[in-house]
Structure formats: C-alpha cells, structure tokens
Amino acid sequence: MRCVLVSKSLDLRGYLGAQFLRAADRIEIVSHPHHGPATDIRLAVAWHPPDDAFDHYPHLQAVCSIGAGVDNILACPSLRPGVEVIRVVDPAQAQMMSGFVAWHVIGHQRRFATYQAQQREERWQRLALRRAQDVPVGILGFGEIGRTVATDLPVMAWSRTAKETPPGISGFDGTAGLDAMLGQTEVLVNLLPLTPETRGILNRTTFARMYRGSYLIQVGRGEHLVEADLLAALESGQLAGAALDVFSAEPLAPRHPFWRHPRIVVTPHDACEVSVEAIGATFRATAEAIRAGRRPPHSIDRERGY
Ligand code: NAP
Ligand code: GLV
C-alpha cells in the first residue's frame, strides 16, 4: 500500500519528519502530485488539499488529517463520497488548548489589559479583584477538547446533543440551550468544528445575548466569526476584548484591523498543536484498519461534518 501526502499550505514531508516516514510500517510515502501509477495509493495524509488533488487517486480509501479539525479536507471538491476522513485525537493537544484558554480567561478575570494600559501611563491604581466564580465561562463545543478545558475550569458547555456532565459543569444543548447559556456567560470560548450549522455563529446576536463587557476566546475556525460584528461589539462596549487564534484567511492579512486593535490579542493559530507522534499513531491505526477491512478509528461522520 502507498500513501500520498497532499497539502497546498505545508511541506508535509518536512513537517512530519524522518521519524514519521520511518515508522510508516510497510507503506511507501509519496508526495502530491504523484505522476506514477496510482492504483495502490489507498491512503492520504492531507491538510488544505488543492481542489483537484483527490482526482489523481481513484483508489483512495481514507484521508487522515494532521489536526483535530477536518473542515479543510471536507471542503475539497475532489473528495469522493465514501472515502473515510480521519482526525487526530491527541489528549496532549487538548491539554495545551486548556492552558491557552486558561491564560485568556484569567487575563480577563484579572483585568490584564487594564493593568497594561495603566502601566503604559505610569498610573498606580488598584482595581476591584474578582474570583474565578465571579466570571462565568461558556464553551461552545463539548467534545474531546472542550471536555478537557472544562475539567480545568468551572464552566458551562454547549453541544449539539444533550450530555451527562460531571459535577460542577452545566451542560446545554440545542438552540434554546445556547440562548440560556449565553444569558449567563461572561467569557465565551469557541471550540466548535466548522460545519454549515456553525459557520458565522460568533455574530452580533450571539454577542448581544452575553453580559455587557464580555470576552471572546476564538479558537475554533476563522469562519465561525463575523469579523465586522466583532469590531462593532468591541466599539459599543458589548465585548470588552477578544483573543483570536484562528482567522478566515491565514496568515492574517497585513493591515487587517485586528492586528492593531487595542482590545484584541492575535496569536497565529498557535493555541495548541497535535504531536507528530499522535499523527503517526493515527496513520498506523488507519492503515491497519484498511488492511483488515475495518472502519478506521476516529473516522468522522461525513454527513454531520465533524
Ligand atoms: P469534537 O470532539 O468533534 O467535538 C465537537 C463538539 O462540538 C461536540 O461537543 C459537538 O456536539 C459540538 N458541535 C458540533 N456541531 C454543533 C452544533 N451545530 N451545535 C452545537 N454543538 C455542536 O472536536 P474537538 O476535538 O473538541 O475539536 C473542536 C474544534 O476545535 C476543531 O474542529 C477545530 O475547529 C478546533 N481546534 C482548533 C485548534 C487551534 O489551534 N486553534 C486546535 C484544535 C482544534 P456533540 O457532542 O453533541 O456531537
Ligand atoms: C488545529 O487547528 C487542529 O485542528 O488540530
């Protein structure tokens, strides 16, 4: 069996490194565009594949993402129906995301931006202190990563389907659940996959339902956010600030208003990362399942989109 590496944004061979290539047990790795025979190319590892990429590999059975999200693979027009799409589930990545979210939640709770502004003005002024429980945090998405974030912070969490939640975590689901959670939220963390249902969910209506002076932590996908609505909410004071890690066009364009906004923190899609070891383990489990004629673990539901 052979596997093709397909990406228009990354040099996957360099990114995955020699260790990954060595560990690809009995699988020859080729890079796209592959000009030789394609009959035994049954596996791909992909990230932002070019639109026509999969047309070249008619015997493809599975495409592995190198991240938790698969939206960029599902959006590829040449991905045929029936091809399994596999994501990486990496507990270490979720833990890293939890640290990123905690950084910004505590930054908002402890008024880090205000202290920074005071320091720039050489102003010595104590501010009213707030405890963690005074700042309710709502998470959009209670999946592999949302659940890890929720064990480290007292939160409310919203998902598509109702969930049993551990003590200390309030669960919400569906449209009514979203409204109920937003009405009690001061920090909103977006950890949703990008699907037709979730595109544009961070919009003026969502912001208006939260407490005045709320904070947004946007770590899902750029297309979840209506950028003009965020700028308007910051301007009106409905939102006090935002930490943005993902953008609809990456890298963020030069002179984009987010770069210099005094109440926006920009990080370059760096909240956390999947380890090459976790990608390797996913890849090997996928190859093994295909050889055995089983469905690979962590295959996503293509109908649902995540
Ligand atoms: P996951 O395990 O698939 O969980 C997704 C969660 O979103 C589930 O709780 C699901 O609800 C919920 N959901 C999906 N569609 C929904 C809808 N229409 N309404 C309400 N809830 C909905 O995904 P994950 O591993 O936690 O990752 C989540 C996302 O984080 C990724 O897809 C990616 O976009 C983003 N991410 C970003 C970074 C970064 O560096 N910034 C890194 C990793 C991941 P159910 O539980 O009911 O199915
Ligand atoms: C990163 O964005 C991922 O999906 O793992």
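We count ligands from 1, going down the list as the structure has it; atoms in each ligand are counted the same way.
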Problem - For Thr267, all residues meeting side chain to side chain donor-acceptor pair (under 3.5 Å), sequence neighbours excluded - result: Asp245
Exercise for the section: Provide the number and element of each atom of ligand 2 under 4.0 Å from a heavy atom of Gly69. Expected result: 3 (C), 4 (O)
Exercise for the section: Using a strict 4.0 Å cut-off to heavy atoms of Arg221, name the atoms of ligand 2 that fall inside it. Expected result: 1 (C), 2 (O), 3 (C), 4 (O)
Exercise for the section: Step through it carefully: locate the ring centre of Phe283, locate the ring centre of Phe20, and say whether they are under 6.0 Å apart. Expected result: yes
Handout entry: Test item: Gln184 side-chain N/O and Ala180 main-chain N/O as donor-acceptor pair under 3.5 Å
Key = yes
Completion exercise
residues 276-293 vs side-chain hydrogen bond (donor to acceptor under 3.5 Å, both in side chains), sequence neighbours excluded, gives none
Exercise for the section: For ligand 1, list the protein residues that place a heavy atom within a distance below 4.0 Å of one of its atoms, sorted by chain and number. Expected result: Ala68, Gly69, Arg87, Gln93, Met97, Gly141, Phe142, Gly143, Glu144, Ile145, Gly146, Trp158, Ser159, Arg160, Thr161, Lys163, Leu191, Leu192, Pro193, Glu197, Thr198, Val219, Gly220, Arg221, Asp245, Val246, His269, Ala271, Cys272, Tyr306
Practice task
Give a yes or no on whether the ring-centroid distance for Phe112 and His108 is below 6.0 angstrom.
Solution key: no
Completion exercise
of all protein heavy atoms, closest to atom 5 (O) of ligand 2 is Ala68 N, 2.7 Å
Handout entry: From NE2 (His48) to CG (Asn72), nearest 0.5 Å
Key = 4.5 Å
Practice task
Give the contacting part of Gln93 toward ligand 2: side chain, backbone, both or neither, where contact means a heavy-atom distance below 4.0 Å.
Solution key: side chain
Handout entry: Which of the ligand 2 atoms, numbered from 1, are nearer than 4.0 Å to a heavy atom of His269
Key = 1 (C), 2 (O)
Practice task
If a pair satisfies side-chain hydrogen bond (donor to acceptor under 3.5 Å, both in side chains) and one of its residues is in residues 110-122, list it, with sequence neighbours excluded.
Solution key: Glu121-Arg123
Problem - Residue pair Arg13 / Ser31, side-chain donor-acceptor N/O under 3.5 Å - result: yes
